[in-house]
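Here the structure is laid out as structure tokens; the discussion comes afterwards.
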Amino acid sequence: MAEQDEVKRRAARAALAHLPEEGVLGLGTGSTACHFVDAVGELVRAGRKYAGVPTSERSRQQALSLGIPLLSDEGPWEIDVCVDGADEVSADLDLIKGGGAAHTREKIVNYASRLNIIVVDSSKLSTRLGEKWPIPIEVLAYGHKATERLLAAYGRPVLRMTGGQPTKTDAGNVIYDLHVEPIKDAGGLAGLLALVPGVVGTGLFVGRADIVLVAGQDGIRTLERPRGAR
Ligand code: 5RP
């Protein structure tokens, strides 16, 4: 476990080479992204002029404890680089995110960023999304069982639980993990799921990773979306 965490730390720190000397950074959520936030804290203490936009209350608390100045939640922001983790990365560099229930805020910050860097260990790589991970879907608490019925047209929705209670997002919504077969058309499915009443946001990030830094036992691999596709 400690070894796995060290691999995640190496992936996160590899992102530092892509940061501007100063500017606005999107601060991802999760056990990999938290190593990046730690590193930004070190840079701020060393005098770098960064401001952060956190993607969850967890990353907000971490950033505040490290003295990283934060922009207000309202936006709009001009974010230079966002660094975040992922649960699954396909061969096309599409992503499933939301294992930490933060994907709706993560997606808002991702879309506000000029450069999106995803940091993962090699266990997250797959050929097609859905091979390894269900799709986390943030659903409005009101009528969530009605939304569940509609989601069942696309897979097997499972209400995520924490301590015997439905897991709540930072916005007070619930999460359904939608178990699907490996996905042929992630963009098409993302569009259909977004139309389901009650769906606040899905963990499908299609075409939203510019650079994926993959840490393994043999070092760091850099996977890049072709420039024209950005
Ligand atoms: C949180 C996320 C995380 O980035 C994702 O779950 C990866 O987390 P970890 O680095 O802990 O494996 O999407 O909503």
Side-chain angles (χ1 to χ4, degrees), residues 1-16 25-40 52-63 79 81-90 93-113 116-126 129-139 158 160-162 166-179 186 190 193 199-216 220-221 223:
M1 203 57 197
E3 201 176 311
Q4 183 72 355
D5 193 52
E6 175 53 25
V7 174
K8 289 180 179 196
R9 198 183 76 88
R10 282 196 273 120
R13 294 193 79 93
L16 300 181
L25 305 178
L27 306 175
T29 297
S31 60
T32 315
C34 83
H35 289 298
F36 172 74
V37 179
D38 276 342
V40 172
V53 179
T55 53
S56 64
E57 292 307 313
R58 263 166 297 155
S59 58
R60 183 199 309 285
Q61 292 313 322
Q62 185 189 0
I79 301 173
V81 183
C82 176
V83 177
D84 204 347
D87 300 299
E88 190 171 338
V89 179
S90 74
L93 304 191
D94 294 330
L95 315 172
I96 289 180
K97 288 183 51 51
H103 54 279
T104 303
R105 288 192 190 186
E106 290 171 333
K107 199 176 275 185
I108 293 169
V109 173
N110 173 294
Y111 272 71
S113 300
N116 280 288
I117 300 179
I118 298 298
V119 288
V120 291
D121 63 78
S122 55
S123 70
K124 308 283 184 71
L125 300 181
S126 69
L129 296 182
E131 281 172 13
K132 294 189 168 172
W133 202 267
I135 307 166
I137 301 186
E138 180 165 358
V139 171
V158 176
R160 196 183 294 179
M161 305 292 284
T162 305
T167 305
K168 289 290 175 80
T169 67
D170 285 341
N173 299 314
V174 302
I175 297 280
Y176 279 90
D177 289 307
L178 186 67
H179 295 256
L193 292 172
V199 167
V200 176
T202 81
L204 286 172
F205 284 52
V206 179
R208 300 306 311 168
D210 299 309
I211 297 175
V212 179
L213 299 171
V214 186
I220 306 285
R221 269 197 299 153
L223 309 178

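Predicted model, so just to flag it, every value in this text is computed and none were measured. All ligand and atom numbering here is 1-based and tracks the order in the structure. Residue numbers run from 1 in the order of the sequence given.
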Verify whether one side chain among S31 and K8 offers a donor that lies under 3.5 Å from an acceptor in the other. yes

Using heavy atoms and a cut-off under 4.0 Å, could you grab the residues that are in contact with ligand 1, chain by chain, numbers ascending?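 Its neighbours under 4.0 Å (heavy atoms only) are K8, T29, G30, S31, T32, D84, G85, A86, D87, K97, G98, G99, G100, A101, A102, H103, E106, K124, given by chain and number.
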
Taking side chain to side chain donor-acceptor pair (under 3.5 Å) as the definition, give me every residue that meets it alongside S113, ordered by chain and number, with sequence neighbours left out.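 Partners of S113 by the side chain to side chain donor-acceptor pair (under 3.5 Å) criterion come out as none, since no residue qualifies.
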
Side chain to side chain donor-acceptor pair (under 3.5 Å) partners for Q61, two or more places apart: none

Does any N or O in the side chain of E106 come within less than 3.5 Å of the main-chain N or O of G28, such that one atom is a donor and the other an acceptor?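 Such a contact is absent between E106 side chain and G28 backbone.
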
Polar side-chain atom of D87 near backbone of G98 as donor-acceptor pair, under 3.5 Å: yes

Which residues pass the ring-ring contact (aromatic ring centres under 6.0 Å, His included) test with F205, sequence neighbours left out?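 So F205 forms no ring-ring contact (aromatic ring centres under 6.0 Å, His included) with any residue.
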
